Amino acid sequence: RLYFRVSVAGQTAALKELRFANNEITSMFRAPISLNSPFGETSDVEIRNNRLKDNFGKTTGGTDTYSIGTGSGKRVRVLGNDISGAGDGVHVEEAAEDQIISENTLALTDADAEAFFVTDNNIGTGSYVAPNNINIINNIAKGPGSGTATKFGVRLVNNTSGTAPVKGIR
């Protein structure tokens with residue numbers, strides 16, 4: 001079992017030129033791959049050809065209930081991953097820029113699951129900064145065929161007190 005959470009004490013360090021490839025990550029309570037450095041720059045990251053399976057989701061009480069979190073990364077590529085089981089697929093938030101999310105296969109089992117979630121939420125920066133130039137292309141996503149009317153395959157959210165729109169999504 002592998003678990004990657006790139007997080008930095010003080011949240012100010014630069015996280016650059018990272019590659020996560022060809023891993024199999026199963027049965028994790030938190031997000032298997034999550035980038036987080038709200039006050040520092042995260043850039044030039046590749047997450048490719050990983051198998052993320054049966055990680056705990058919302059209905060099982062897990063936290064960070066997504067398989068891949070790109071945080072506010074710049075020039076992040078999420079390519080060719082196989083995501084199956086509980087939880088959401090890919091989570092993108094605040095100030096993310098120039099990300100490509102492509103050729104991933106998602107088979108999600110939670111009724112609450114969303115394949116791709118993009119938001120301008122305020123995590124530590126004191127301001128809402130919209131993600132920009134996020135490319136979600138050539139992915140295959142399948143949900144459980146049940147759930148609530150508020151869950152989507154691709155969800156773009158402008159959080160309640162934020163004023164910046166989510167922009168440049170393709």
Side-chain angles (χ1 to χ4, degrees), residues 1-8 11 13-38 40-119 121 123 131 133-145 147 151-156 169-170:
R1 288 186 188 167
L2 298 172
Y3 168 72
F4 299 104
R5 179 170 180 97
V6 179
S7 187
V8 181
Q11 303 174 338
L15 306 172
K16 296 183 178 184
E17 298 180 13
L18 303 172
R19 184 167 191 247
F20 303 95
N22 304 311
N23 299 292
E24 181 170 328
I25 305 172
T26 61
S27 303
M28 301 310 305
F29 188 69
R30 298 192 74 162
I33 300 175
S34 180
L35 307 173
N36 188 18
S37 184
E41 180 183 336
T42 301
S43 63
D44 303 304
V45 178
E46 181 176 87
I47 301 168
R48 181 187 290 266
N49 296 334
N50 297 286
R51 290 185 57 221
L52 311 175
K53 183 179 176 191
D54 295 329
N55 295 292
F56 293 106
K58 297 172 185 177
T59 59
T60 55
T63 58
D64 296 341
T65 58
Y66 45 81
S67 288
I68 297 174
T70 65
S72 56
K74 293 176 177 37
R75 296 177 305 283
V76 175
R77 295 161 311 286
V78 179
L79 306 169
N81 296 285
D82 183 4
I83 299 171
S84 62
D88 292 335
V90 180
H91 180 95
V92 179
E93 64 184 36
E94 72 164 8
E97 190 172 315
D98 298 325
Q99 294 192 6
I100 298 172
I101 301 166
S102 184
E103 301 189 17
N104 300 286
T105 302
L106 296 83
L108 307 175
T109 58
D110 274 358
D112 290 24
E114 294 176 326
F116 306 98
F117 183 81
V118 181
T119 183
N121 72 341
I123 303 292
N133 196 24
I134 309 301
N135 297 275
I136 301 172
I137 51 179
N138 292 332
N139 297 284
I140 298 172
K142 183 178 187 308
K151 300 304 169 189
F152 305 93
V154 178
R155 186 170 187 190
L156 310 177
I169 308 299
R170 293 174 186 81

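Model, not experiment: these values are computed from the prediction. FYI, side chains are in, hydrogens and waters are out, and symmetry mates aren't considered; it's all heavy atoms of this structure.
With sequence neighbours left out, the salt bridge (charged side-chain N to carboxylate O under 4.0 Å, His left out) criterion links D98 to no other residue. Partners of S84 under the side-chain hydrogen bond (donor to acceptor under 3.5 Å, both in side chains) rule, at least two apart in sequence or in another chain, do not exist in this structure. Among residues two or more places apart in sequence or in another chain, the side-chain hydrogen bond (donor to acceptor under 3.5 Å, both in side chains) test is passed with D82 by none.
Rounding to the nearest 0.5 Å gives a distance of 12.5 Å between NE2 of H91 and OG of S67. T109 OG1 to K142 NZ: the interatomic distance, rounded to the nearest 0.5 Å, is 10.5 Å. Rounding to the nearest 0.5 Å gives a distance of 13.0 Å between CD1 of I25 and CG of D54. Taking CG of L35 as the reference point, atom CD1 of I47 lies at 5.0 Å (rounded to 0.5 Å). Separating the CG atom in L52 from the CD1 atom in I68 is a distance of 5.0 Å, to the nearest 0.5 Å. Between R77 atom CZ and N135 atom CG the span is 12.5 Å, to the nearest 0.5 Å.
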| Check against side-chain contact (heavy atoms from CB on, under 4.5 Å), I33 and N23 | CA-CA 10 Å; I33 300 175; N23 299 292; 5.5 Å; no

| said: Before you tell me yes or no, could you show the steps for D88 and E114 under side-chain contact (heavy atoms from CB on, under 4.5 Å), namely the whole-Å CA-CA distance, both residues' side-chain angles and the distance that decides it to 0.1 Å? | reply: CA-CA 5 Å; D88 292 335; E114 294 176 326; 3.9 Å; yes

| request: Go through the steps for R19 and R48 under the test side-chain contact (heavy atoms from CB on, under 4.5 Å), then give the verdict. | output: CA-CA 8 Å; R19 184 167 191 247; R48 181 187 290 266; 4.2 Å; yes

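Of the residues listed (N81, V78, I137), the one engaging S102 in a side-chain contact (heavy atoms from CB on, under 4.5 Å) is I137, and it is the only one. Just one of N49, N139, N138 meets the side-chain hydrogen bond (donor to acceptor under 3.5 Å, both in side chains) condition when paired with N104; it is N139.
Between V76 and Q99 the shortest side-chain heavy-atom distance falls below 4.5 Å.
A pairwise comparison of heavy atoms in L106 and A115 identifies CD2-O, 3.7 Å as the closest pair. Minimum interatomic distance between E97 and I134 (heavy atoms only, all atoms of both residues): N-CD1, 4.2 Å. Here the closest non-hydrogen pair linking A96 and G71 is CB-O, 3.7 Å. Scanning both residues, N50 and A21, for their nearest heavy atoms gives OD1-C, 3.5 Å.
The local environment of NZ in K53 is sparse, with at most 12 non-hydrogen atoms from other residues, nucleotides or ligands closer than 6.0 Å. Taking a 6.0 Å sphere around CZ of R51, one finds it holds 12 or fewer heavy atoms contributed by other residues, nucleotides or ligands.
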